[in-house]
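Before any comments, here is the structure.
These numbers come from the heavy atoms of this one structure, side chains and all, not from hydrogens, waters or symmetry mates.
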Amino acid sequence: MKAVILLSGGLDSSTVLYQALADGCECYTISFDYQQRHRRELQSALAIAQTTGVLQHQVVTFDLRQWGGSALTDNTIDLPEGRSLEEMSQNIPVTYVPARNTIFLSFALGYAETIGAERIYIGVNALDYSGYPDCRPDYIQAMQEVFRLGTKQGREGKPINIVTPLLHLKKTEIIQLGNRLGVPWQLTWSCYAGKEVACGLCDACRLRLAAFAELGLKDPLAYAQNRV
């Protein structure tokens with residue numbers, strides 16, 4: 001079974017790739033250089049892809065900075081730092097990139113249908129504190145219908161299925177799953193700050209560090225600051 005995996009190089013997407021491999025899929029990975037603040041993640045995506053020996057690793061390049069609208073695509077918008085988990089859960093944060101997963105899934109769908117893939121794996125998570133609108137079950141259900149109606153495969157009764165192994169897992173459960181699958185956490189990247197060493201202060205770093213701490217584990221990634 002062929003599968004396209006959306007691979008950012010982060011904790012979640014790397015776990016999803018390892019899950020797809022465990023599911024017996026022939027894996028093709030796709031990453032996106034959209035001129036994001038944290039383009040450093042693309043190095044990790046490549047490292048993870050090479051480590052797993054995927055059949056092909058694609059990087060699609062386009063520029064979402066021409067629109068901005070997010071702290072990840074507009075340097076004039078401050079990146080949240082030092083927030084508690086409770087603060088993160090109150091509103092959709094400024095790190096939300098407008099329609100990003102819809103854009104990503106559209107590229108992945110075109111790639112998947114071209115190579116005759118049956119599945120697309122994506123590491124969306126509905127329990128994450130950010131509450132991004134394009135990481136929720138109703139969104140995935142709607143996109144699945146788009147996949148069915150908007151492709152030749154779908155209209156011929158063989159729709160490409162969206163697979164979301166992490167949709168209802170807590171971050172601690174994702175780490176536990178990744179440990180069982182053998183994900184090399186030291187190669188992954190979660191930080192939004194756009195530097196060569198993870199900041200330890202942005203929401204993504206703090207969520208990750210808190211989950212490792214809750215499990216009594218040490219995150220092998222180096223951080224400029226490591227205070228949960």
Side-chain angles (χ1 to χ4, degrees), residues 5-23 25 27 29 31 38 40-41 44-45 47-49 51-52 72 79-97 100-101 104 121-140 162-193 197-228:
I5 293 85
L6 278 72
L7 181 66
S8 70
L11 184 151
D12 294 348
S13 69
S14 298
T15 301
V16 165
L17 171 57
Y18 273 73
Q19 182 63 65
L21 290 165
D23 291 343
C25 294
C27 293
T29 50
S31 300
H38 55 308
R40 163 64 180 79
E41 67 180 358
S44 288
I48 293 291
T51 297
T52 55
L72 301 186
L79 195 68
E81 290 186 344
R83 299 202 301 167
S84 68
L85 300 187
E86 183 181 357
E87 288 174 311
M88 292 180 205
S89 67
Q90 291 176 357
N91 298 293
I92 296 173
V94 294
T95 51
Y96 162 68
V97 179
R100 183 175 63 178
N101 279 347
F104 287 1
Y121 282 75
I122 182 171
V124 293
N125 177 249
L127 301 185
D128 209 343
Y129 286 88
S130 61
Y132 290 135
D134 52 1
C135 292
R136 302 179 188 184
D138 55 356
Y139 167 78
I140 294 298
I162 304 175
V163 183
T164 57
L166 314 183
L167 188 60
H168 300 292
L169 298 186
K170 296 186 295 185
K171 190 67 75 178
T172 50
E173 293 172 324
I174 294 169
I175 292 172
Q176 289 172 323
L177 173 61
N179 283 340
R180 291 195 296 271
L181 295 170
V183 178
W185 302 125
Q186 71 277 9
L187 297 181
T188 64
W189 188 262
S190 301
C191 182
Y192 288 151
V197 177
C199 71
L201 295 174
C202 70
D203 289 358
C205 282
R206 289 180 65 79
L207 280 169
R208 174 175 172 147
L209 284 166
F212 273 99
E214 185 177 340
L215 291 170
L217 301 174
K218 185 181 186 318
D219 186 343
L221 195 65
Y223 289 88
Q225 298 194 49
N226 190 341
R227 299 193 307 271
V228 179

Main chain of Phe212, side chain of Asp219: is a donor-acceptor contact present, judged purely on distance under 3.5 Å? no
Interatomic distance, CZ@Arg206 vs CD@Glu81, rounded to 0.5 Å, equals 10.0 Å
Between the SG atom in Cys135 and the CG atom in Asn101, the distance rounded to the nearest 0.5 Å is 5.0 Å
Please tell me if the side chains of Ile48 and Thr188 come closer than 4.5 Å, counting only heavy atoms from C-beta onward. yes
Does any non-hydrogen side-chain atom of Tyr18 lie less than 4.5 Å from one of Thr51? yes
NZ-CG distance between Lys170 and Leu207, expressed to the nearest 0.5 angstrom: 13.5 Å
On a heavy-atom basis, the closest approach of His38 and Cys191 is CB-O, 3.3 Å
Where do Ser44 and Gly9 come nearest, in terms of heavy atoms and distance? CB-O, 3.7 Å
Please list, chain by chain and in numerical order, all residues satisfying salt bridge (Lys or Arg N to Asp or Glu O under 4.0 Å) with Arg100, sequence neighbours excluded. none
For Leu181 and Ala22, which heavy atoms make the closest approach, and how far apart are they? CD2-CB, 3.8 Å
For Asn179, enumerate each residue passing the side chain to side chain contact (heavy atoms under 4.5 Å, CB included) test, keeping only those at least two apart in sequence or located in another chain. Ile175, Trp185, Leu217
Would you name the heavy atoms of Cys205 and Gly200 that are closest together and state the gap between them? SG-N, 3.4 Å
Kindly compute the distance separating CD1 (Ile122) from CG (Leu6), expressed to the nearest 0.5 Å. 5.0 Å
Taking all non-hydrogen atoms of both residues, which atom of Leu169 and which atom of Asn125 are closest, and how far apart? O-ND2, 2.5 Å
Please confirm whether the backbone N or O of Ala49 pairs with a side-chain atom of Thr52, one donor and one acceptor, at under 3.5 Å? yes
Counting C-beta onward and ignoring hydrogens, is there a side-chain heavy-atom pair between Ser13 and Leu7 closer than 4.5 Å? yes
Closest non-hydrogen atoms of Ala204 and Ser190, given as atom of the first, atom of the second and distance, are CB-O, 3.1 Å
Residues which pass side chain to side chain contact (heavy atoms under 4.5 Å, CB included) with Glu214, listed by chain and number, not counting sequence neighbours: Thr172
Side chains of Lys171 and Leu11, heavy atoms from C-beta outward: is any pair under 4.5 Å? yes
Drop me the distance from Asp12's CG to Arg208's CZ, to the nearest 0.5 angstrom. 9.5 Å
Using side-chain heavy atoms (C-beta onward) and a distance below 4.5 Å, is Glu41 in contact with Ser31? no
Would you say Leu79 and Asp203 make side-chain contact, with heavy atoms under 4.5 Å? no
Donor-acceptor contact below 3.5 Å, side chain Asp134 vs main chain Tyr139: no
Please report the C-alpha distance between Tyr121 and Asp23 in whole Å, then the side-chain angles of each, then the deciding distance to 0.1 Å, and finally whether the side-chain hydrogen bond (donor to acceptor under 3.5 Å, both in side chains) criterion is met. CA-CA 11 Å; Tyr121 282 75; Asp23 291 343; 2.7 Å; yes
What I'd like to find out is whether the side chain of Arg83 reaches to under 4.5 Å of the side chain of Pro93, using heavy atoms alone. yes
Would you say that Arg180 contacts Leu177 through its side chain, given a criterion of any heavy-atom pair below 4.5 Å between the two side chains? yes
